[in-house]
*Asks:* 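Structure below; questions to follow.
Naming convention: chains lettered A, B, ... in sequence-line order (proteins, then strands); numbering from 1 in each chain.
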Amino acid sequence: MREDELTEQIQPVRGMNDVLPAEIAAWHIIETAAREVLTAYGYQEMRVPLVERTELFQRAIGEYTDVVEKEMYTFVDQGGESLTLRPEGTAGVMRALISNGMLRGQRHKLWCTGPMFRHERPQKGRYRQFHQVSVEAVGFPGPDIDIELIALTARLWKRLGIERVRLEINSLGTPESRRAYREKLVEYLRAHHDELDADSRRRLEGNPLRVLDSKNPDMRALIEAAPVLTDHLDGESREHFQGLCAALEALGIPFRVNPRLVRGLDYYSRTVFEWITDALGAQDAVCSGGRYDGLIGQLGGESTPGIGFAMGIERLVALLTQAGAPAAEPTADVYIVVSGERASAYGLQLAERLRDALPERRVELNLGGGNFKTQFRRADRSGAAVAVILGEDELARGVAAVKPLRHDAGQSESPLPDLAAAIQTALATAVHT
RNA sequence: GUGGACGUAGCUCAGCUGGUAGAGUCCCGGGUUGUGAUCCCGGUUGUCGUGGGUUCGAGUCCCAUCGUCCACCCCA
């Protein structure tokens, strides 16, 4: 290392962000709303490790997906094992259900939140460390559970006041019917190989279904004439999907069937859905998921149907902030201004006594000295509605002054034993004005 | 991994065809020797991202490098 590198300012890791106090209000709103809505639907929170064996993700997500091929934070630990920082939540939760013997014909409605890691180039709404709320339901063959999950998300948006999202759904069918469709599609695309752009030719080899996703306008006619997945569903999947569509209509949840909606992870089957927005630039998926009936069996557990989705907290925060930034929460209800050595020392006791008497109020004591002007400025910045003033003069007389900061009512004095009650009164009137 | 734009005070930014670094905000002090937010006055803050080159002289031009943002790819 060069010497001047030592003095260079330390930098965060690319794509890993700090959430500052000024931004935390939006996170709290989202986390609280999600927890309450999920609880209201009977979902239980669980927590799983951030790190799992690399093999788990390879098997769950699929060897030939972008996530596994080039986006995982993988390292070898001191025991020589290959471990990976989780790039998504479902695999770890499914592993936990298997490890803890929770399957045996049982049903679970679960959710989990925390950071995920993917080594991609950061851009708007996409970070290397990002946060998801991930929701899973296992043991339910559906489609009623599919509908419940979508209704739950719709309720959450309503609760958060998020309006710029719309729902797209599709069915991928069973792995068998998808394989059959895939062959037809490849056949069609090969027949038109000359008309494909470079991107699509590459996708044709890796994941042909993604050719349908091309944004190139020159490809549109070709894509529209291609065989449609929905027309090739097996009977049961078709019925499942029709049940889903009918129920969404009955619930009044608007949706669009997007036959080209193909999820990036291999484990999906039948229902897939995505809430997308036009408000966040290129990263438009706010919440997405689908059914993964084969996954648990594939991981070595007792074959159990499953469905789940993940929502990106950073993207929801961005939507919420765009709709009108939630203000930073004030830090205090009461700010105690002290002057003089004796009053400053006594202030510590007074603050503790007030915290005993008013446990639901935030009581902030001026620390680090400062003249009255400075202290009142701090009181104002703290957001406190009331200042308590304790100077040598008040202390000598056994009183403290109570001054409302948010309206023009004059300040009054209160004997120290009655101070808590006087503060409550002042705070109560502050609310009314 | 590929492409484009941008890095000047803690923060937001100005700085013309190269000629000695600016504003607002924040913070501190004063006006108000014990009363905030408003107003007035004063003050501090810079390796101009980093390294090299051209030049009498570079924040400005050139090259490299690091970083950020946006987009592609992919996805939450």
*Asks:* When the P atoms of B:G15 and B:U60 are considered, how many whole Å apart are they?
*Replies:* 15 Å

*Asks:* Determine, for A:Asp284 against A:Arg166, whether the closest basic-nitrogen to carboxylate-oxygen distance falls under 4.0 angstrom.
*Replies:* no

*Asks:* Decide yes or no, distance alone: a donor-acceptor N/O pair under 3.5 angstrom between the base of B:U35 and the side-chain of A:Gln411.
*Replies:* yes

*Asks:* What parts of residues 109-126 of chain A reach RNA chain B, counting only heavy atoms under 4.0 Å away?
*Replies:* A:Arg118, A:Glu120, A:Arg121, A:Gln123, A:Lys124, A:Gly125, A:Arg126

*Asks:* Going by centres under 5.5 angstrom and planes under 30 degrees, do the aromatic ring of A:Phe372 and the base ring of B:U35 stack?
*Replies:* no

*Asks:* Is any N or O donor-acceptor pair between the side chain of A:Glu71 and the base of B:G1 shorter than 3.5 Å?
*Replies:* no

*Asks:* Identify all side-chain donor-acceptor contacts of residues 341-348 of chain A below 3.5 Å with residues at least two apart in sequence or on another chain.
*Replies:*
from, atom 1, to, atom 2, distance (Å)
A:Ser344, OG, A:Gly340, O, 2.8
A:Tyr346, OH, A:Arg353, NH2, 3.1

*Asks:* Record whether the side chain of A:Lys373 comes under 3.5 Å of the base of B:U35 through a donor-acceptor pair of N or O atoms.
*Replies:* no

*Asks:* Are A:Gln129 and A:Arg118 packed together at the side-chain level, in the sense that at least one heavy-atom pair is separated by less than 4.5 angstrom?
*Replies:* no

*Asks:* So what is the 5' to 3' dot-bracket string for RNA chain B, if pairs are Watson-Crick or G-U wobble with both distances under 3.5 Å, crossing pairs use [ ] and | means the partner sits on another strand?
*Replies:* (((((((..((((.....[..)))).(((((.......))))).....(((((..]....))))))))))))....

*Asks:* Check the phosphate of B:G34 against A:Ser339, side-chain N and O only, distance under 4.0 Å to OP1 or OP2. Yes or no?
*Replies:* no

*Asks:* For B:C16 versus B:U54, give the span between their P atoms, rounded off to a whole number of Å.
*Replies:* 24 Å

*Asks:* Using the ring of A:Phe376 (Phe, Tyr or Trp, six-membered ring only), decide whether A:Lys403 places NZ or CZ under 6.0 Å from its centre and within 45 degrees of its axis.
*Replies:* yes

*Asks:* Do the non-hydrogen side-chain atoms of A:Phe140 and A:Lys109 ever get within less than 4.5 Å of each other?
*Replies:* yes

*Asks:* Where along residues 130-138 of chain A does a heavy atom come under 4.0 Å from RNA chain B, residue by residue in number order?
*Replies:* A:Phe130, A:Gln132

*Asks:* Check A:Arg128 with A:Glu120, please: is the shortest side-chain N to carboxylate O separation under 4.0 Å?
*Replies:* no

*Asks:* With rounding to whole Å, what would you report as the distance between B:C6 and B:C74 at their P atoms?
*Replies:* 28 Å

*Asks:* Are side-chain N/O atoms of A:Trp275 and A:Thr153 paired as donor and acceptor at under 3.5 Å?
*Replies:* yes

*Asks:* Keeping A:Tyr181 on the side-chain end and A:Pro227 on the backbone end, is there a donor-acceptor pair under 3.5 Å?
*Replies:* yes

*Asks:* What are the two closest non-hydrogen atoms of A:Val68 and A:Gln58, and how far apart are they?
*Replies:* CG1-CG, 3.9 Å

*Asks:* Rounding to the closest angstrom, what is the interatomic distance between B:C69 and B:U8 at atom P?
*Replies:* 14 Å

*Asks:* Is it the case that A:Thr65 and A:Glu63 place a side-chain donor and acceptor less than 3.5 Å from each other?
*Replies:* no

*Asks:* Any salt bridge linking A:Arg190 with A:Glu187? Criterion: basic side-chain nitrogen under 4.0 Å from a carboxylate oxygen.
*Replies:* no

*Asks:* When you measure from the side-chain N and O atoms of A:Asn371 to the phosphate of B:U32, is any distance below 4.0 Å, counting only OP1 and OP2?
*Replies:* no

*Asks:* Would you measure the distance from the C1' atom in B:G49 across to the matching atom in B:G59 and give it in whole Å?
*Replies:* 12 Å

*Asks:* Is any NZ, NE, NH1 or NH2 atom of the basic residue among A:Arg159 and A:Glu36 found under 4.0 Å from an Asp or Glu carboxylate oxygen of the other?
*Replies:* yes

*Asks:* Between A:Arg179 and A:Glu183, is there a salt bridge with N-O shorter than 4.0 Å?
*Replies:* no

*Asks:* Given the C1' atoms of B:A14 and B:C48, what is the spacing between them in whole Å?
*Replies:* 13 Å

*Asks:* Run the side chain to side chain donor-acceptor pair (under 3.5 Å) test against A:Thr331 and tell me which residues pass, sequence neighbours left out.
*Replies:* A:Glu364

*Asks:* Mind listing the residues from residues 149-172 of chain A sitting with a heavy atom below 4.0 Å of RNA chain B? Number order is fine.
*Replies:* none

*Asks:* Name the nucleic acid region contacted by A:Glu69, choosing base, sugar-phosphate or nothing; use a 4.0 angstrom heavy-atom cut-off, strictly under.
*Replies:* nothing

